[in-house]
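In what follows, a structure is listed as structure tokens, so that the remarks can point back to it.
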Amino acid sequence: MIDIYNEKLEPYADGERRIFTATFLRPDDRQGIFQDLTVNNEENVVVKQIALRMTKAFKQLNLEKGDVIQFEAIVKKNKRGEFTVERPTHAENISSAETEEDTGVHTVGDDWDWFEK
């Protein structure tokens with residue numbers, strides 16, 4: 001279940017900049033969808049999925065699905081009462097996604113002359 005209010009971010013909403021790590025999932029309008037957000041290099045995932053504004057820091061990385069990035073930001077509570085990560089800086093790509101391209105052709109076995117039979 002996705003926590004739409006991101007309540008697990010509340011302890012970090014003290015105005016201090018922290019180091020975040022997340023996996024890029026996909027772009028969505030002016031935002032990017034990220035998953036498995038962690039704080040301060042801790043092992044536990046704080047937020048399963050979060051939408052973050054695609055700022056200049058993120059755009060310069062030319063993110064692709066599966067890229068793991070690390071950045072500094074602060075946690076704030078917005079007008080709707082949701083906790084969000086804002087003002088990301090010092091973003092860097094720490095792990096690139098697998099670049100294996102899916103051609104759409106999936107073979108099972110090695111019987112290539114099946115269509116001639």
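Sequence positions, counted from 1, serve as the residue numbers for this chain.
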note = Looking only at heavy atoms, the pair that brings F83 and E10 closest together is CZ-CG, 3.4 Å
query = Out of curiosity, does F34 fall in the hydrophobic cluster containing L61 (side-chain heavy atoms, cut-off under 4.5 Å, transitive links)?
reply = yes
remark   = Closest heavy-atom pair, L37 versus A22, reported as atoms and distance to 0.1 Å, is CD1-CB, 3.8 Å
inquiry  = I need the minimum non-hydrogen distance between A57 and A91, along with the two atoms involved.
reply    = O-CB, 3.7 Å
request  = Evaluate the side-chain proximity of F20 to V75: yes if any heavy-atom separation is below 4.5 Å, no if none is.
outcome  = yes
query = About how many Å separate NZ of K77 and CD of E7, when rounded to the nearest 0.5 Å?
reply = 9.0 Å
remark   = Rounding to 0.5 Å, atoms CD (E86) and CG (L52) come to a distance of 9.5 Å
query = Side chain of N78, backbone of G81: donor and acceptor closer than 3.5 Å?
reply = yes
request  = Could you tell me whether the side chains of R87 and T55 share a donor-acceptor contact shorter than 3.5 Å?
outcome  = no
inquiry  = Would you say that I94 contacts I69 through its side chain, given a criterion of any heavy-atom pair below 4.5 Å between the two side chains?
reply    = no
key: Modelled atom types, side-chain donor and acceptor of Q70 and N41, under 3.5 Å   = yes
query = What distance separates N6 CG from Q49 CD, expressed to the nearest 0.5 Å?
reply = 10.0 Å
inquiry  = Set out, in order, the CA-CA distance, both residues' side-chain angles and the distance that settles side chain to side chain contact (heavy atoms under 4.5 Å, CB included) for N44 and T38, then state yes or no.
reply    = CA-CA 7 Å; N44 59 329; T38 61; over 6 Å; no
key: Smallest separation among heavy atoms of E16 and I74, with atom names   = O-CG2, 3.6 Å
task = Say whether I33 and I50 are linked into one hydrophobic cluster, either directly or through other cluster members, by side-chain heavy-atom distances under 4.5 angstrom.
result = no
message = Using 0.5 Å steps for rounding, measure from the CD atom of E72 to the CD atom of E92.
response = 9.5 Å
Stepwise ring-ring contact (aromatic ring centres under 6.0 Å, His included) check, F58 with F71 = CA-CA 9 Å; F58 291 148; F71 58 95; 5.2 Å; yes
inquiry  = For a quick test of reading the model, state the closest non-hydrogen atom pair linking V68 to T21 and the distance between them.
reply    = CG1-CG2, 3.7 Å
message = I need the minimum non-hydrogen distance between V85 and A73, along with the two atoms involved.
response = CG1-CB, 3.4 Å
task = Please examine the side chains of D36 and K48, heavy atoms only from C-beta on, and report whether any two atoms are closer than 4.5 Å.
result = yes
inquiry  = For R53, I'd like to know if atom CZ has over 12 heavy atoms of other residues, nucleotides or ligands within 6.0 Å.
reply    = no
request  = Decide yes or no for R18 and D14: does some side-chain heavy atom of the first lie under 4.5 Å from some side-chain heavy atom of the second?
outcome  = yes
inquiry  = Please determine whether side chain to side chain contact (heavy atoms under 4.5 Å, CB included) holds for the pair M54 and R30, giving the CA-CA distance in whole Å, both sets of side-chain angles, and the decisive distance to 0.1 Å.
reply    = CA-CA 6 Å; M54 287 299 285; R30 290 178 285 176; 6.0 Å; no
Stepwise side chain to side chain contact (heavy atoms under 4.5 Å, CB included) test for V45 and K8 = CA-CA 10 Å; V45 173; K8 291 183 180 177; over 6 Å; no
